[in-house]
Amino acid sequence: MRAALATAILTGTLPLCLAGDLKPLTLPPPQTDGGKPLMQVLKDRQSTRAFSTEKLTPQVLSNLLWAAWGINRPDGRRTAPSASNRQEIDVYVAAPEGLYVFEAKGHSLRPLLGDDIRAATGTQDFVRDAAVNLVYVADFAKMGQSPQQDKLVYSAADTGFIAENAYLYCASEGLAVVVRASVDRAALAKTMLLRADQQIVLVQSIGYPKK
Ligand SMILES: Cc1cc2nc3c(=O)[nH]c(=O)nc-3n(C[C@H](O)[C@H](O)[C@H](O)COP(=O)(O)O)c2cc1C
């Protein structure tokens with residue numbers, strides 16, 4: 001059953017009963033100019049942990065995901081580097097309406113689960129309020145025959161670059177953000193129906209700041 005579900009997720013043929021009414025979401029094209037100057041966002045980058053429950057607009061979500069891990073060149077390379085360009089990190093988006101995975105090609109969100117799993121993405125209370133919790137998942141199947149130690153180190157480093165991109169976008173937009181390791185990875189992996197060779201690296205809570 002678990003293997004069949006994993007295959008369904010991989011091939012995008014997840015049964016509708018799991019994704020429920022959750023529809024694929026084509027994001028608006030990202031706004032790739034504008035934003036605050038780099039030195040300003042470096043001055044402003046910080047972690048904060050008080051989130052409003054307001055949802056991100058589709059445009060803000062689009063810009064955020066592009067800044068974090070979108071495609072920025074015609075050959076499919078991305079806004080963050082990855083070891084040997086394996087691009088092994090998948091960004092899962094836990095939103096109030098359900099769980100999606102970000103598809104950089106096509107700049108869209110593929111629905112996976114029709115449940116709000118935000119509370120399961122961490123051990124701190126604010127995670128249930130944040131508009132989105134981005135779950136960074138390393139897909140070791142994309143990392144060839146590298147030794148396990150290399151897979152762990154490279155995927156952790158690659159996640160760091162993506163998370164920092166998200167931090168800088170949030171600093172530019174005045175969004176609240178914190179990257180987190182405090183998560184019950186085994187429980188969350190089960191909830192997200194991940195395969196055994198997919199590893200949750202970090203989670204990042206993002207939303208409008210609580211007034
Ligand atoms: C790998 C890593 C794991 C972290 N885990 C958590 C966490 O579980 N919960 C949390 O509230 N903050 C977490 N943080 C955020 C740090 O506490 C924060 O970056 C640090 O206090 C410095 O604050 P600053 O980001 O505002 O500079 C984590 C940061 C990193 C880099």
Side-chain angles (χ1 to χ4, degrees), residues 35-56 60-61 63-65 67-70 78-83 86-96 99 101-102 116-140 142-143 146 148-192 194 197-211:
K36 289 186 187 161
L38 176 64
M39 297 309 252
Q40 182 69 47
V41 296
L42 287 169
K43 262 166 58 182
D44 292 345
R45 190 218 61 85
Q46 61 177 321
S47 300
T48 57
R49 298 170 183 80
F51 294 88
S52 131
T53 53
E54 193 184 339
K55 286 182 68 170
L56 298 182
V60 167
L61 184 58
N63 294 353
L64 166 68
L65 291 169
W69 193 216
R78 318 278 278 259
T79 55
S82 64
R86 297 273 195 196
Q87 303 190 2
E88 78 283 1
I89 303 301
D90 289 313
V91 180
Y92 287 71
V93 181
L99 178 71
V101 64
F102 173 54
D116 181 355
I117 67 154
R118 287 176 298 166
T121 68
T123 58
Q124 294 160 285
D125 286 344
F126 62 77
V127 305
R128 65 192 69 225
D129 293 332
V132 292
N133 286 285
L134 303 183
V135 185
Y136 298 118
V137 176
D139 185 349
F140 289 165
K142 293 182 182 162
M143 299 185 86
S146 313
Q148 187 71 2
Q149 177 72 6
D150 287 357
K151 288 182 180 176
L152 290 169
V153 171
Y154 298 162
S155 61
D158 295 346
T159 297
F161 296 118
I162 298 169
E164 178 67 0
N165 281 351
Y167 260 114
L168 295 179
Y169 175 75
C170 290
S172 177
E173 285 299 309
L175 295 173
V177 52
V178 61
V179 74
R180 298 183 286 101
S182 66
V183 49
D184 183 339
R185 288 188 175 78
L188 181 57
K190 211 167 165 188
T191 302
M192 292 171 63
L194 298 182
D197 58 355
Q198 287 179 293
Q199 170 97 22
I200 294 168
V201 185
L202 293 171
V203 186
Q204 196 166 25
S205 301
I206 297 172
Y208 296 105
K210 199 171 192 168
K211 299 215 171 80

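Indexing begins at 1, ligand by ligand and atom by atom, following the structure's order. Quantities reported herein were computed from a predicted structural model and do not represent experimental measurements.
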**Student:** Considering the heavy atoms of Gln124, write down every atom of ligand 1 situated less than 4.0 Å from one of them.
**Tutor:**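 Answer for ligand 1: 7 (C), 8 (O), 9 (N), 10 (C), 11 (O).
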**Student:** Looking only at protein heavy atoms, which one is nearest to atom 16 (C) of ligand 1, and what is the separation?
**Tutor:** Arg49 NH2, 3.8 Å
**Student:** Do Arg45 and Glu164 come within less than 4.5 Å of each other through their side chains, counting heavy atoms only?
**Tutor:** yes
**Student:** Would you indicate whether the side-chain heavy atoms of Phe102 and Leu134 approach each other to under 4.5 Å?
**Tutor:** no
**Student:** Sub-3.5 Å donor-acceptor pair from the side chain of Ser205 to the main-chain atoms of Asn133, do we have one?
**Tutor:** no
**Student:** Backbone or side chain, does any N or O of Leu202 fall under 3.5 Å from an N or O of ligand 1?
**Tutor:** no
**Student:** Students should be able to answer this: which protein heavy-atom is nearest to atom 27 (O) of ligand 1, and at what distance?
**Tutor:** Arg45 NH2, 2.7 Å
**Student:** If the cut-off is 4.0 Å to any non-hydrogen atom of Ser182, which atoms of ligand 1 fall inside it?
**Tutor:** 7 (C), 8 (O), 9 (N)
**Student:** Ligand 1 and Arg180, any nitrogen or oxygen pair closer than 3.5 angstrom?
**Tutor:**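 Between Arg180 and ligand 1 (N or O atoms, distance only) the closest approach is not under 3.5 Å.
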**Student:** Does any N or O in the side chain of Arg180 come within less than 3.5 Å of the main-chain N or O of Thr121, such that one atom is a donor and the other an acceptor?
**Tutor:**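 Between the backbone of Thr121 and the side chain of Arg180 there is a qualifying donor-acceptor contact (under 3.5 Å).
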**Student:** Strictly below 4.0 Å, N to O, side chains only: are Lys190 and Asp184 in salt-bridge contact?
**Tutor:**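 No.
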**Student:** Nearest heavy atom to atom 26 (O) of ligand 1 wins, so pick from Ser47, Gly122, Gly160.
**Tutor:**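 Answer by nearest heavy atom: Ser47.
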**Student:** Is a side-chain donor or acceptor of Thr79 paired with a backbone partner of Ala67 at a separation under 3.5 angstrom?
**Tutor:**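 Yes, because the side chain of Thr79 sits within donor-acceptor range (under 3.5 Å) of the backbone of Ala67.
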**Student:** Specify whether the nearest protein heavy atom to atom 20 (C) of ligand 1 is under 4.0 angstrom away.
**Tutor:** no
**Student:** Considering heavy atoms of the protein only, find what lies nearest to atom 28 (C) of ligand 1 and give residue, atom and distance to 0.1 Å.
**Tutor:** Val179 O, 3.2 Å
**Student:** Of all the heavy-atom pairs spanning Ala189 and Ile200, show the shortest one and how long it is.
**Tutor:** N-CD1, 3.6 Å
**Student:** Relative to the heavy atoms of Gln46, which atoms of ligand 1 are at a distance of less than 4.0 Å?
**Tutor:** 26 (O)
**Student:** Examine Ala181 against ligand 1 and note whether any of their N/O atoms are separated by less than 3.5 Å.
**Tutor:** yes
**Student:** Which pair of heavy atoms, one from Gln87 and one from Lys142, lies closest together, and at what distance?
**Tutor:**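 Heavy atoms only, the tightest pair is O-CD, 3.8 Å.
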